[in-house]
Amino acid sequence: MTDERDELLTRILDEVVNGRKAVEDRIDGVASEVTDMRRDMLSHFDALYARFDRLETEYHALANAVDRLEKRSMSREEFEQKIADLKARVHQLETKILELEKTS
């Protein structure tokens, strides 16, 4: 009876050890897959961050260009005033040309 019990205990111990090894092997496999997946995800995040960095750089360049354009541009009233000034100067020049033509 003790031989049977020893044999049974030995078989149970072997099954537990083999089962533990199988579980450890599965855990190692899953850990390896998780590590690979994490590495892939991090490389994708790095690519996204690089794109966001380029987009941010382009955004700042565009914002600065818009600011420069806004500083150079004038309001409608200013534009109309400049046109009126130019018309007045053209009128003065035409008057002077007519005066010069009369005297010559």
Side-chain angles (χ1 to χ4, degrees):
M1 179 94 144
T2 57
D3 287 339
E4 289 176 11
R5 200 173 16 185
D6 288 345
E7 185 180 319
L8 180 62
L9 288 174
T10 303
R11 275 191 303 159
I12 291 171
L13 183 61
D14 287 343
E15 286 181 26
V16 168
V17 168
N18 289 337
R20 181 177 177 198
K21 178 153 177 34
V23 168
E24 286 175 348
D25 290 344
R26 283 187 75 174
I27 289 172
D28 290 343
V30 169
S32 176
E33 290 176 14
V34 168
T35 300
D36 292 342
M37 184 176 66
R38 184 174 185 273
R39 191 174 302 121
D40 287 343
M41 285 174 41
L42 290 175
S43 68
H44 289 296
F45 279 125
D46 287 343
L48 285 172
Y49 286 135
R51 291 177 105 179
F52 282 137
D53 189 43
R54 280 196 314 268
L55 287 173
E56 184 178 11
T57 301
E58 289 179 18
Y59 166 78
H60 288 296
L62 288 172
N64 289 335
V66 167
D67 285 343
R68 285 192 306 274
L69 287 172
E70 287 175 345
K71 287 176 184 173
R72 281 191 354 196
S73 68
M74 60 182 86
S75 69
R76 182 175 179 89
E77 294 81 22
E78 290 173 321
F79 181 74
E80 289 174 353
Q81 181 61 43
K82 285 193 183 269
I83 294 291
D85 291 343
L86 287 173
K87 285 180 180 179
R89 289 178 64 193
V90 167
H91 182 68
Q92 287 174 354
L93 288 172
E94 287 174 341
T95 305
K96 284 185 180 182
I97 290 172
L98 287 174
E99 287 174 9
L100 287 173
E101 286 177 346
K102 286 181 185 178
T103 58
S104 49

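Because the structure is a prediction, the values reported are computed rather than measured.
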Throw together a table of side-chain donor-acceptor distances under 3.5 angstrom for residues 70-92, partners on residues two or more places apart or in other chains.
{"residue": "S73", "atom": "OG", "partner": "L69", "partner atom": "O", "Å": "3.4"}
{"residue": "S73", "atom": "OG", "partner": "E70", "partner atom": "O", "Å": "3.0"}
{"residue": "S75", "atom": "OG", "partner": "E77", "partner atom": "OE1", "Å": "3.4"}
{"residue": "S75", "atom": "OG", "partner": "E78", "partner atom": "N", "Å": "3.2"}
{"residue": "R76", "atom": "NE", "partner": "E80", "partner atom": "OE2", "Å": "3.1"}
{"residue": "E78", "atom": "OE1", "partner": "S75", "partner atom": "N", "Å": "2.8"}
{"residue": "Q81", "atom": "NE2", "partner": "D85", "partner atom": "OD1", "Å": "2.9"}

### Task
For side chain to side chain contact (heavy atoms under 4.5 Å, CB included), just list the numbers for R38 and M41, CA-CA rounded to whole Å, side-chain angles, deciding distance to a tenth of an Å, and then say yes or no.
CA-CA 5 Å; R38 184 174 185 273; M41 285 174 41; 5.6 Å; no
### Query
Passes side chain to side chain contact (heavy atoms under 4.5 Å, CB included), L98 versus E101? Steps please.
CA-CA 5 Å; L98 287 174; E101 286 177 346; 3.8 Å; yes
About how many Å separate [atom2] of [Y] and [atom1] of [X], when rounded to the nearest 0.5 Å?
X: L13; Y: R11; atom1: CG; atom2: CZ; result: 12.5 Å
X: L62; Y: T57; atom1: CG; atom2: OG1; result: 11.0 Å
X: M37; Y: T35; atom1: CE; atom2: OG1; result: 9.5 Å
X: Y59; Y: F52; atom1: OH; atom2: CZ; result: 15.0 Å
X: R5; Y: I12; atom1: CZ; atom2: CD1; result: 12.0 Å

### Task
Using the side chain to side chain contact (heavy atoms under 4.5 Å, CB included) rule, take L8 and E4 through it: C-alpha gap first, then chi angles, then the decisive distance, then the call.
CA-CA 6 Å; L8 180 62; E4 289 176 11; over 6 Å; no
### Task
Answer yes or no: is there a donor N or O on one side and an acceptor on the other, between the side chain of S32 and the main chain of D28, under 3.5 Å?
no
### Query
Is the backbone of Y49 close enough, under 3.5 Å, to the side chain of D53 for a donor and an acceptor to pair up by distance?
no
### Summary
Of all heavy-atom pairs linking L100 and T103, the shortest is O-OG1, 3.0 Å
### Message
Run R20 and E24 through salt bridge (Lys or Arg N to Asp or Glu O under 4.0 Å) and show every step you take.
### Response
CA-CA 6 Å; R20 181 177 177 198; E24 286 175 348; 3.2 Å; yes
